[in-house]
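The chains referred to below are lettered A, B, ... by the order of the sequence lines, with proteins before strands, and numbering in each begins at 1.
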There are 2 protein chains.
Amino acid sequence: MFEQLRGPVQDLPRHARIRRSGDRVQGVFVLLRGWVFSSVELPNGQRQILKVHLPGDILGAPSIVLPRAMETLSAATLVTVAPVPLSAFGVLQAEAPRLMASLFLSSQQERVMLSDRLAAVGRTPAAQRFAALLLQLHDRLAGPATGTVSLHVPLTQEDFADLLGITSVHVNRILRQLLSAGLILRRQYDYTFDPERLREFSGMPRREWIRNPAWLYPAPGQA
Amino acid sequence: MFEQLRGPVQDLPRHARIRRSGDRVQGVFVLLRGWVFSSVELPNGQRQILKVHLPGDILGAPSIVLPRAMETLSAATLVTVAPVPLSAFGVLQAEAPRLMASLFLSSQQERVMLSDRLAAVGRTPAAQRFAALLLQLHDRLAGPATGTVSLHVPLTQEDFADLLGITSVHVNRILRQLLSAGLILRRQYDYTFDPERLREFSGMPRREWIRNPAWLYPAPGQA
DNA sequence: CGAGTGCTTGATGGCAATCAAACACCGTGG
DNA sequence: CCACGGTGTTTGATTGCCATCAAGCACTCG
């Protein structure tokens, strides 16, 4: 559906700004390839990364209720994105109400993830948040798994710092702490760990998601 | 619309749990009177309050994508609430697509507010977050104002602590710091301050909201 | 009038920030 | 070919925000 409504595809290098905080909101973007950060910049020059977006994600949706964008969208890797104008939502709303309901649901899912982050940043030490971040990335990239897993995470320690709400110096100390505790292994940007042990350490609950709620898909096959 | 779909009204005393984290999700609630906290509980027994809900708010919406509730809903004051079953969303989706789109928008607004909180908790000292909290409550209760304003906030310092992600002891020290700096006045649970000065101190941007986006309400009067 | 709740203040300690300085790696240009 | 700046990583020393522990006070309520 979005494919018909979206604009021309663009390739952008790492560190490129797809949209800056404060820009007039023209619409949203669809991420087709690569990783994108959505972040907030603070008056003192620091930034807090709100979310790492993976391919398939819709970028910049929260700002559709604002005249000027709240978040900066920046390319964490080489990326491919496509713009989607605001008018697309008008089309969806009129012609695909069920898809609109499904967008509503996915934004609730985003609220759950943001809430978990808020609780973690407010209440748990940085080492546990780092563990939780690795786990969450693995879940989103590969789904639940058992036994030791490997994960390629093309993020610098500076990126981790902005995600976790700490400094890059401290990221390094924590990483070293997890390495010497044997909780993770690392070679370059490849991380290896046991999800079970890491989850226990992180203290984060495992979340199950309802994919097709009964109220939206009344009886399988009738749709 | 919700009035037709909701269940019987209930009155609950302060500290009552409307729904506990982990409960099976039956639906959402509408808050008719009083203040309600939605909070997450952590393994170590601490809690992080995600949001203070004011009358008119929908409670527990994020958990509709989960089999078991993520947030605990607890009464901050004497409250009146009414349950809304999940099936109500099916009715809305089928019969009131525009209302569904409007729910989608308000959940984006919640994402913006959560994002601001996340950035604040991750990146700013507690005194500034306290200032931001007072401002946000004032904006939601009374709308933008100029000159000195007064605000009744029926929250204990323990409540503030769980909202800000600090301890109640530290809330007290920060409150005293703001008082002696002349940024706020307080008598009992009534706070008086100058929004301009407090906003400058807090470092939070002022947010404008789009109420009726063109794509949802194409031409004023046609709807 | 004792128990509970909420507020206040002091002393001490820890997690993480800040400041500082190397080191490795890489692409560029003289 | 090597010098060079830029980016990213690593480690040490010091500082500061906030947690923790502790204790006292005010107020309300059964």
Just how far, in rounded Å, is [atom2] of [N] from [atom1] of [X]?
X	N	atom1	atom2	result
Arg173(B)	dA22(D)	CZ	C1'	11 Å
His170(A)	dA13(D)	NE2	P	17 Å
Gln177(B)	dC17(D)	CD	P	9 Å
Gln48(B)	dA19(D)	CD	C1'	15 Å
Arg14(B)	dC29(D)	CZ	P	11 Å
Tyr189(A)	dG8(D)	OH	C1'	6 Å
Ile174(B)	dG16(D)	CD1	P	17 Å
Glu158(B)	dT20(D)	CD	P	12 Å

Boundaries of the DNA chain C segment in contact with chain B, non-hydrogen, under 4.0 Å =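 Under 4.0 Å from chain B, the extent on DNA chain C is dG6(C) to dA11(C).
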
Any salt bridge between Asp159(A) and Arg47(A), counting N to O under 4.0 Å?
->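 Yes, Asp159(A) and Arg47(A) are salt-bridged.
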
Do NZ/NE/NH1/NH2 and the carboxylate oxygens of Asp116(A) and Arg129(A) come within less than 4.0 Å?
->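 Between Arg129(A) and Asp116(A) there is no salt bridge, as every charged N stays at least 4.0 Å from the carboxylate O atoms.
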
Pairwise distance CD(Glu41(B)) to CG(Asp162(B)) - rounded to 0.5 angstrom |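 These two atoms lie 9.5 Å from each other.
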
Taking only N and O in the side chain of Thr156(A), is any of them less than 4.0 Å away from OP1 or OP2 of dG8(D)?
->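 Result: no.
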
Pairs of donor and acceptor atoms involving the side chains of residues 58-66 of chain B, under 3.5 Å and at least two apart or interchain, shall be tabulated with distances.
unit_1   : atom_1 : unit_2   : atom_2 : d
Ser63(B) : OG     : Met70(B) : N      : 3.0
Ser63(B) : OG     : Glu71(B) : OE1    : 2.6

Base, sugar-phosphate alone, or nothing: which one does Phe160(B) contact when heavy atoms must sit under 4.0 Å apart?
->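 Nothing, no heavy atom under 4.0 Å.
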
Decide whether Ser150(A) and Asp190(A) meet the rule of one side-chain donor and one side-chain acceptor closer than 3.5 Å.
->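 Short answer, no.
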
Under 3.5 Å, is there a donor-acceptor pair linking the side chains of Ser39(A) and Thr72(A)?
->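 Looking only at side-chain atoms, Thr72(A) and Ser39(A) do not form any donor-acceptor pair under 3.5 Å.
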
Would you mind telling me which residue lines up with the more 5' stretch of DNA chain C, Arg123(B) or Arg176(B), judged by nearest nucleotide?
->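 Nearest nucleotide further toward 5': that of Arg176(B).
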
Anything under 30° is parallel, anything over 60° is perpendicular, the rest tilted; go ahead and classify Phe160(B) against Tyr191(B).
->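 Judged by the thresholds at 30° and 60°, the geometry between Phe160(B) and Tyr191(B) is perpendicular.
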
